[in-house]
Amino acid sequence: MKLSSLPVFLLGSSQALGFEFQKPLGVAQASASAASPSDTPPSYRDELVSLHKSLVEISSASGDENEVGNFLVDYLTARGFVVQLEFLPPSTNESEPTKPRFNVVAWPGPDTHPSPKVLVTSHIDTVPPFIPYSQNDTSLDADTVIAGRGTVDAKASVAAQIVAVQSLLNSSSIQDDDVMLLYVVGEETQGDGMRFFSDTKGKMDPPLDIKAAIFGEPTEGRLVCGHKGIFGCDITVTGRAGHSGYPSLGKSANEVLMRGLVRALDTDLGSSEEFGNTTVNVGILVGGVAANVIPEKATARIAGRVAIGPESDGGAIVAERLKEVLRSVDETAFGFDCKYGYGVVKCDCDVEGFDTTTVNYGTDVHNLEGNHTRYLYGPGSIFVAHGPDEAIKLGDMETAVEDFKKLILHALES
Ligand SMILES: *[C@@H]1O[C@H](CO)[C@@H](O)[C@H](O)[C@H]1NC(C)=O
Ligand SMILES: *[C@@H]1O[C@H](CO)[C@@H](O)[C@H](O)[C@H]1NC(C)=O
Ligand SMILES: *[C@@H]1O[C@H](CO)[C@@H](O)[C@H](O)[C@H]1NC(C)=O
Ligand SMILES: *[C@@H]1O[C@H](CO)[C@@H](O)[C@H](O)[C@H]1NC(C)=O
Ligand SMILES: *[C@@H]1O[C@H](CO)[C@@H](O)[C@H](O)[C@H]1NC(C)=O
């Protein structure tokens with residue numbers, strides 16, 4: 001999930017709806033594993049571990065996904081998939097890496113004009129910094145802990161999805177034309193990979209027309225019923241400078257900004273039973289030039305988590321409310337540059353055999369436009385993703401292979 005999106009908190013109200021609290025890795029994880037996978041290792045264990053290891057060993061911070069993309073192309077091609085590289089327009093920013101960036105699109109061969117019903121997708125970029133791959137165990141079992149950057153977010157999903165699809169194909173549970181795999185770049189920053197795919201999917205041959213999309217992100221093996229939306233604003237306040245001994249001669253931009261932000265933090269900007277309160281993070285505050293000068297300029301950078309819909313403009317509704325609250329403190333001093341984001345994103349979570357949850361982080365779900373059913377699921381905990389201790393239990397990845405198989409079959413049948 002996105003860098004800007006901080007931990008998943010279950011909302012107070014959701015407990016009444018039968019959701020469970022998410023627990024840190026090591027508490028909930030073991031018990032969430034499939035029935036004693038350590039007793040009967042799945043036939044694909046080595047394949048899963050080896051694919052996951054290869055993915056994690058290749059550093060792929062957002063913007064620098066070329067190498068991991070090439071690895072996936074080779075891996076999938078060698079296993080009979082038809083693979084398409086979808087190149088994003090090159091960056092115009094000279095300080096960004098120059099290697100071409102591409103999404104990996106693949107489907108079971110040999111048909112070169114697929115019309116898949118279900119899209120199985122996740123992202124191949126990670127947040128920085130790179131943390132090397134390690135296992136705490138030489139002999140693999142379900143309790144083996146695998147650590148390193150991306151082990152959870154989202155290379156566990158990528159590996160589990162690919163193995164799940166291969167396993168379904170091997171057992172003839174699905175046909176070649178049932179599924180398409182999509183591994184996008186840039187999810188952790190701008191979502192540019194998924195947005196590019198979304199914009200161009202109509203130009204595929206034939207144009208992509210899917211029934212359902214399954215998004216892999218760390219959800220601790222639960223099916224997500226929805227996640228909060230986002231919005232962000234850069235706020236500037238213009239005051240009037242003066243001698244600090246005579247406050248009435250000037251107008252303190254810092255003071256106006258502080259009063260405004262406190263009022264905004266204390267105001268209900270939008271809440272719902274399912275998603276709780278809209279929250280505002282004041283991430284950056286800058287103002288003034290000296291202790292004894294009335295500050296003329298102050299700025300704040302905020303990111304909000306939106307708890308209301310609709311998906312298309314819930315973010316804009318909340319941003320407008322925020323502006324109103326700030327203007328109620330001072331009608332003329334505020335300037336805004338807002339990115340409206342989106343409102344709450346709902347997913348289908350009515351699938352037998354899955355625990356459900358809601359989360360506070362953003363995903364690529366919103367970035368794929370279309371009238372398809374959306375599922376959001378994946379192994380590993382959001383509480384360790386992006387952190388120095390990112391790690392996952394092998395048993396949880398193996399459970400996810402089985403769960404992705406169930407989800408794919410469910411999506412094909414319904
Ligand atoms: C260019 O890229 C660098 C590194 O990613 C970033 O810090 C900078 O803000 C970017 N500049 C522009 C104009 O987007
Ligand atoms: C690896 O970590 C898991 C979970 O903490 C533990 O159950 C297992 O015994 C560890 N293995 C080794 C060899 O330390
Ligand atoms: C699928 O079948 C191939 C060929 O028999 C085998 O190499 C591979 O391990 C199988 N993969 C899974 C996930 O079952
Ligand atoms: C939402 O905010 C209200 C105050 O506006 C507070 O009473 C309530 O506990 C908050 N709910 C959650 C889930 O944080
Ligand atoms: C989306 O799909 C639903 C159910 O199949 C249908 O009722 C609805 O009209 C569709 N909407 C659009 C915009 O195609």
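Both ligands and their constituent atoms are indexed starting at 1 by order of listing.
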Please identify which atoms of ligand 3 are closer than 4.0 Å to at least one heavy atom of Val163.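 Those qualifying, in numeric order: 13 (C).
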What protein heavy atom sits nearest atom 8 (C) of ligand 2, and how far off is it?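 Checked against all protein heavy atoms, atom 8 (C) of ligand 2 sits closest to Asn136 ND2, 3.9 Å.
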Measure the distance from atom 7 (O) of ligand 3 to every protein heavy atom, then report the residue, atom name and distance (to 0.1 Å) of the closest one.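 Residue, atom and distance for the closest contact: Glu47 OE1, 5.0 Å.
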Spacing of CG belonging to Asn367 relative to CD belonging to Gln190, to within rounding of 0.5 Å: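 Output value for this atom pair is 10.0 Å.
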Does [X] come within less than 4.0 Å of [Y], counting only side-chain N to carboxylate O?
X: Lys406; Y: Glu402; value: no
X: Glu390; Y: Arg149; value: yes
X: Arg321; Y: Glu324; value: no

Heavy-atom protein contact below 4.0 Å for atom 14 (O) of ligand 3: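 So atom 14 (O) of ligand 3 has protein heavy-atom neighbours under 4.0 Å.
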Is atom 2 (O) of ligand 2 less than 4.0 angstrom from at least one protein heavy atom?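 There is a protein heavy atom less than 4.0 Å from atom 2 (O) of ligand 2.
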With atoms numbered from 1 as shown, which atoms in ligand 2 lie under 4.0 angstrom from a non-hydrogen atom of [X]?
X: Val145; answer: 2 (O), 3 (C), 4 (C)
X: Asp143; answer: 1 (C), 2 (O), 3 (C), 7 (O)
X: Asp137; answer: 11 (N), 13 (C)

Out of the candidates Val120, Thr121, Leu368, Asp364, only one should pair with Leu182 under the side chain to side chain contact (heavy atoms under 4.5 Å, CB included) rule; please name it.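 In the set Val120, Thr121, Leu368, Asp364, the residue that makes a side chain to side chain contact (heavy atoms under 4.5 Å, CB included) with Leu182 is Thr121.
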Is Lys228 close enough and on-axis enough to Phe275, meaning under 6.0 Å and within 45°, for cation-pi?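 No, Lys228 and Phe275 do not form such a contact.
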Checking the side chain of Glu187 only, and the main-chain atoms of Asp125 only, is there a donor and an acceptor separated by less than 3.5 Å?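 Not a single qualifying donor-acceptor pair exists.
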Counting heavy atoms only, which of Asn277, Asp266, Thr267 is nearest atom 11 (N) of ligand 4?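 Among Asn277, Asp266, Thr267, the closest heavy atom to atom 11 (N) of ligand 4 comes from Asn277.
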Taking the minimum heavy-atom distance to atom 6 (C) of ligand 3, which of Leu168, Val165, Asn170 ranks first?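 It is Asn170 whose heavy atom sits nearest to atom 6 (C) of ligand 3.
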Derivation of the ring-ring contact (aromatic ring centres under 6.0 Å, His included) call for Phe102 and Phe87: CA-CA 4 Å; Phe102 55 88; Phe87 287 91; 5.3 Å; yes
Using distance alone, determine whether Ser167 and ligand 3 share an N or O pair under 3.5 Å.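 No, since none of the N or O atoms of Ser167 sits under 3.5 Å from an N or O of ligand 3.
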Just to be sure I read this right, does ligand 4 sit under 4.0 Å from the backbone of Asp268, its side chain, both, or neither, counting only heavy atoms?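 The answer is neither; Asp268 stays 4.0 Å or more away.
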